[in-house]
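See below for the structure under consideration.
For the numbers below, each heavy atom of this structure counts, side chains included, while hydrogens, waters and symmetry mates do not. To find a chain, count down the sequence lines: A is the first, B the second, and so on, and within it residues start at 1.
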Amino acid sequence: MLKIYNSIAREKQTFVPIVAGKVSMYVCGMTVYDFCHLGHARVMVVFDMVNRWLRSSGFDVNYVRNITDIDDKIIKRANENGESITELTQRFIDAMNEDSDALGILRPDIEPRATAHIQGMIDMISALIEKGHAYHADNGDVFYSVNSFKTYGKLSGKSLEDLRAGERVEVDTFKRDPMDFVLWKSVKPNEPSWDSPWGKGRPGWHIECSVMSECHLGNHFDIHGGGQDLQFPHHENEIAQSEAAHDCTFVNYWMHNGFVRVDDEKMSKSLGNFFTIRDVLKKYDAEVVRFFILRAHYRSPLNYSDKHLDDAKQALTRLYTSLRGISSDAKHDEQDVSAINFKAAMNDDFNTPEAVAVLFDLANELNKTRDVKVAAQLKGLANVLGLLNRDPESFLQAGNADSDDVSKIEQLILARAEAKQAKNFAEADRIRQELLADGVILEDSPQGTTWRRA
RNA sequence: GGCGCGAUAGCAAAGCGGUUAUGCCGCGGCCUGCAAAGCCGUUUAGACCAGUUCGACUCUGGUUCGCGCCUCCA
């Protein structure tokens with residue numbers, strides 16, 4: 001029985017899908033005006049893990065992750081770069097896909113783009129106006145009237161009074177209430193626009209997700225995910241829009257992943273303390289990054305530093321080392337105690353740290369027994385998390401741009417073998433040290449010498 | 001100011017009202033020409049103060065500290 005921590009209920013709840021055996025899941029994806037950073041990596045990896053676990057539990061999953069390809073920052077960046085919005089967004093969609101592929105993320109079933117759903121947004125906004133939930137203001141914008149939605153604030157636990165009392169509510173004279181948010185922005189010079197009943201303009205941010213989820217998953221679906229920072233106002237506003245437009249519950253389970261932090265502060269664009277995925281991948285193997293994310297619980301904060309990545313690398317190396325020299329398939333036995341423990345952990349709100357601990361228990365058992373069945377168990381369970389898919393040697397020997405090339409390493413190993421043969425241990429040790437200085441560790445065994453990178 | 005989350009060993013990170021989490025690091029041993037890896041053993045816990053209980057890291061209350069949201073953000 002899968003339990004999910006439901007943000008809107010603030011507790012773990014047993015997951016019951018709307019349609020037995022099927023799961024409809026929508027995750028807020030990227031705004032494509034720049035490279036993805038580690039915070040984005042976390043959302044992608046976390047919901048990829050959720051997607052994989054649901055599928056391996058037998059659910060027929062329909063996973064939708066949107067792409068926001070029109071918004072203020074995109075327009076601004078395109079103008080700065082002197083390129084078209086289409087060029088800019090396509091460039092960063094391509095980059096996002098490269099990063100996501102590197103991290104071993106399965107593509108969502110559908111990746112809708114906001115600009116392909118303008119008509120749907122116009123339709124929903126019209127419906128909201130008709131029902132008295134939105135109004136066309138004097139400045140030409142269309143606003144959502146938060147007062148018209150009695151349960152506004154139920155997701156984030158905020159009340160309109162408290163929000164209005166907050167210090168940071170910006171005053172906009174065209175709004176009926178300071179908390180009203182924009183559904184449609186009237187056109188401004190040098191901005192893209194679409195025709196609408198309210199004149200030329202473009203959509204506000206929140207409406208796209210209400211429309212794209214409706215289009216691909218219907219008015220009412222199972223899981224909606226995203227980073228914690230989207231809980232308010234984005235997801236709160238989505239609920240207001242969708243539930244007002246459809247008169248039914250929008251989403252059954254809300255999932256929010258925790259932040260990636262740097263020095264105990266949230267990694268974010270505005271703070272400027274972010275690391276792009278591609279920069280991190282220059283230094284660390286993508287699987288190490290994936291493992292680093294998965295060994296923490298998805299709702300916990302995750303501190304990023306080289307030290308923590310190094311630690312994750314060491315740990316993952318232990319798993320791969322245990323698999324060295326054993327060829328097995330990646331099929332696990334569901335009845336084995338390890339699979340039972342793994343499943344219990346994953347079904348407890350996707351407790352990947354505990355699931356990963358099961359992998360280490362198996363690695364220990366494998367090191368002792370060298371049993372092919374244990375190897376298959378380890379690989380099979382790890383694969384559910386998108387880990388340990390590679391040949392161990394290729395992981396252990398993977399280098400980067402400035403690594404020594406393999407032929408040089410093999411030559412030195414050969415020379416060392418000769419020295420050892422001649423009992424010239426001083427020379428043998430000298431070669432070992434020489435390679436070690438270049439980050440190459442040699443390991444002698446009765447079958448010969450193997451190597452890996454530190 | 002309003003709302004919420006957290007505090008676990010040297011570092012990271014989970015479960016659990018009483019029984020080894022797990023990984024890295026450290027230490028001792030086995031193994032090795034020497035190493036590395038591995039195996040065996042082992043040192044470090046539960047911010048603070050009360051309360052509940054036969055028994056609390058785990059439940060309750062308070063204190064302190066940290067973080068997040070309330071503005072674009074994954």
Side-chain angles (χ1 to χ4, degrees), chain A residues 7 10 27-31 34 36-47 65 68 71-73 76 153 156-159 161-170 179 205 225-234 236 256-261 264-271 274 291-292 295-297 299-303 305 307-319 321-322 324-325 341 344-345 348 351-361 363-364 366-368 370 396 420 423-426 428-429 432-433 436 441-446 449-452 454:
Chain A
S7 303
R10 273 157 270 251
V27 171
C28 288
M30 261 48 75
T31 301
D34 206 343
C36 292
H37 61 64
L38 237 35
H40 301 114
R42 191 172 192 192
V43 192
M44 290 197 279
V45 169
V46 161
F47 288 99
R65 190 185 65 203
T68 298
D71 98 314
D72 292 1
K73 293 186 294 292
K76 182 164 176 271
S156 51
K158 298 175 190 301
S159 71
E161 298 79 71
D162 293 342
L163 285 164
R164 291 192 198 99
E167 292 159 7
R168 306 195 211 168
V169 177
E170 91 187 59
M179 290 313 296
W205 175 34
Q228 226 158 42
D229 43 4
L230 297 184
Q231 193 166 351
F232 189 91
H234 186 53
E236 194 70 63
H256 293 98
N257 65 273
F259 298 131
V260 175
R261 301 192 199 169
D264 289 318
E265 271 191 328
K266 177 185 173 184
M267 178 183 290
S268 74
K269 292 273 191 180
S270 35
L271 287 171
F274 62 90
F291 179 81
F292 167 68
R295 83 203 284 238
H297 186 84
R299 285 189 283 115
S300 302
L302 179 61
N303 269 307
S305 74
K307 186 172 180 293
H308 295 146
L309 264 291
D310 288 338
D311 189 75
K313 179 185 175 181
Q314 285 299 103
L316 186 58
T317 297
R318 175 170 165 83
L319 294 179
T321 302
S322 74
R324 251 200 310 196
N341 290 340
D348 182 15
N351 193 334
T352 53
E354 214 178 312
V356 166
V358 171
L359 302 182
F360 283 99
D361 290 341
N364 180 254
L366 179 57
N367 283 331
K368 282 189 271 193
R370 308 308 292 156
L396 296 167
K420 275 179 68 178
K423 304 273 183 210
N424 185 354
F425 294 121
D429 290 347
R432 184 205 294 288
Q433 286 306 316
L436 189 60
I441 295 166
L442 298 186
E443 299 177 326
D444 294 336
S445 82
T449 299
T450 54
W451 64 276
R452 65 188 170 92

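Atom NE2 of A:His40 and atom C1' of B:C72 are 11 Å apart (whole Å). In this structure, A:Arg164 places its CZ atom 17 Å from P of B:C70, rounding to the nearest Å. Following rounding to the nearest Å, A:Leu271 (CG) and B:G68 (C1') show an atom-to-atom distance of 12 Å. Summarising the geometry, the separation between CG on A:Leu163 and P on B:C70 is reported as 10 Å, rounded to the nearest angstrom. Atom-to-atom, CG of A:Leu309 to P of B:C25 comes out at 16 Å; the value is rounded to the nearest Å. Atom pair A:His297:NE2 and B:U22:C1' shows a separation of 16 Å (rounding to whole Å applied). Atom-to-atom, CG of A:Leu316 to P of B:G23 comes out at 14 Å; the value is rounded to the nearest Å. Taking atom NE2 on A:His234 and atom P on B:C70, their separation rounds to 13 Å, with Å as the unit.
A donor-acceptor contact under 3.5 Å is formed by the side chain of A:Lys158 with the base of B:C69. Residue A:Asp311 places a side-chain atom within donor-acceptor reach of the base of B:G23, judged by atom type and a 3.5 Å distance cut-off alone.
Look at the P atom in both B:U19 and B:U43: the space between them is 16 Å, to the nearest Å. Nucleotides B:G26 and B:C11 are separated by 12 Å at their C1' atoms, to the nearest Å. Taking atom P on both nucleotides, B:G46 is separated from B:A21 by 13 Å, rounded to a whole Å. Of the P atoms belonging to B:A9 and B:U44, the separation is 14 Å, rounded to the nearest Å. Rounded to whole Å, the C1' atom of B:C31 lies 9 Å from the corresponding atom of B:C39. The C1' atoms of B:G17 and B:C57 are separated by 10 Å, rounded to the nearest whole Å. Spacing between B:A13 and B:C54 at atom C1', rounded to whole Å, works out to 32 Å. As rounded to the nearest Å, B:G66 and B:C34 have C1' atoms that lie 48 Å from one another.
Taking the charged nitrogens against the carboxylate oxygens, A:Asp264 and A:Arg261 do have a contact shorter than 4.0 Å, which makes a salt bridge.
Counting only heavy atoms from C-beta on, A:Arg295 has its side chain closest to B:A12 among B:C72, B:A12, B:U22. Counting only heavy atoms from C-beta on, A:Glu354 has its side chain closest to B:G15 among B:A74, B:G15, B:C70. Of the candidates B:A14, B:G2, B:U22, the closest approach to any side-chain atom of A:Asn351 belongs to B:A14. Nearest to the side chain of A:Ala357, among B:A21, B:A74, B:A12, sits B:A21. For A:Phe259, counting side-chain heavy atoms from C-beta on, the closest listed nucleotide (B:A74, B:G23, B:C3) is B:A74.
Below 30°, between 30° and 60°, or above 60°: for A:Phe360 and A:Phe291 the angle between ring planes is above 60°, a perpendicular geometry.
Heavy atoms of A:Arg261 sit under 4.0 angstrom from primed sugar atoms or phosphate atoms, though from no base atom.
Consecutive pairing runs in RNA chain B reach the stem threshold at B:1-7 with B:64-70, B:10-12 with B:22-24, B:26-30 with B:38-42, B:47-51 with B:59-63, where a stem means at least three Watson-Crick or G-U wobble pairs with distances under 3.5 Å.
Although no hydrogens or angles enter the test, the distance criterion places a donor-acceptor pair under 3.5 Å between the side chain of A:Glu236 and the main chain of A:Gly153. No donor-acceptor pair closer than 3.5 Å links the side chain of A:Asp311 to the backbone N or O of A:Lys307.
Interatomic distance, CD of A:Gln228 versus CZ of A:Arg299, reported as 9.0 Å (0.5 Å rounding). Note that CG of A:Asp444 is 5.5 Å distant from CZ of A:Arg432, once rounded to the nearest 0.5 Å. Between the OG1 atom of A:Thr352 and the NE2 atom of A:His297 there is a distance of 7.0 Å, given to the nearest 0.5 Å. Interatomic distance, CG of A:Asn257 versus CZ of A:Phe47, reported as 5.5 Å (0.5 Å rounding). Put simply, CG on A:Leu366 and OG1 on A:Thr321 are 11.0 Å apart, with the number rounded to the nearest 0.5 Å. From A:Gln231, atom CD reaches atom NE2 of A:His256 across 4.5 Å, with rounding to the nearest 0.5 Å.
Contact annotation: A:Lys307 does not reach the phosphate of B:C25 (side-chain N/O to OP1 or OP2, under 4.0 Å). For the OP1/OP2 pair of B:A14 and a distance below 4.0 Å, the side-chain nitrogens and oxygens of A:Ser300 include at least one atom meeting the criterion.
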What does nucleotides 26-39 of chain B look like as a protein-contact string, B for base, S for sugar-phosphate only, - for none, at under 4.0 angstrom between heavy atoms? -------BBBBSSS
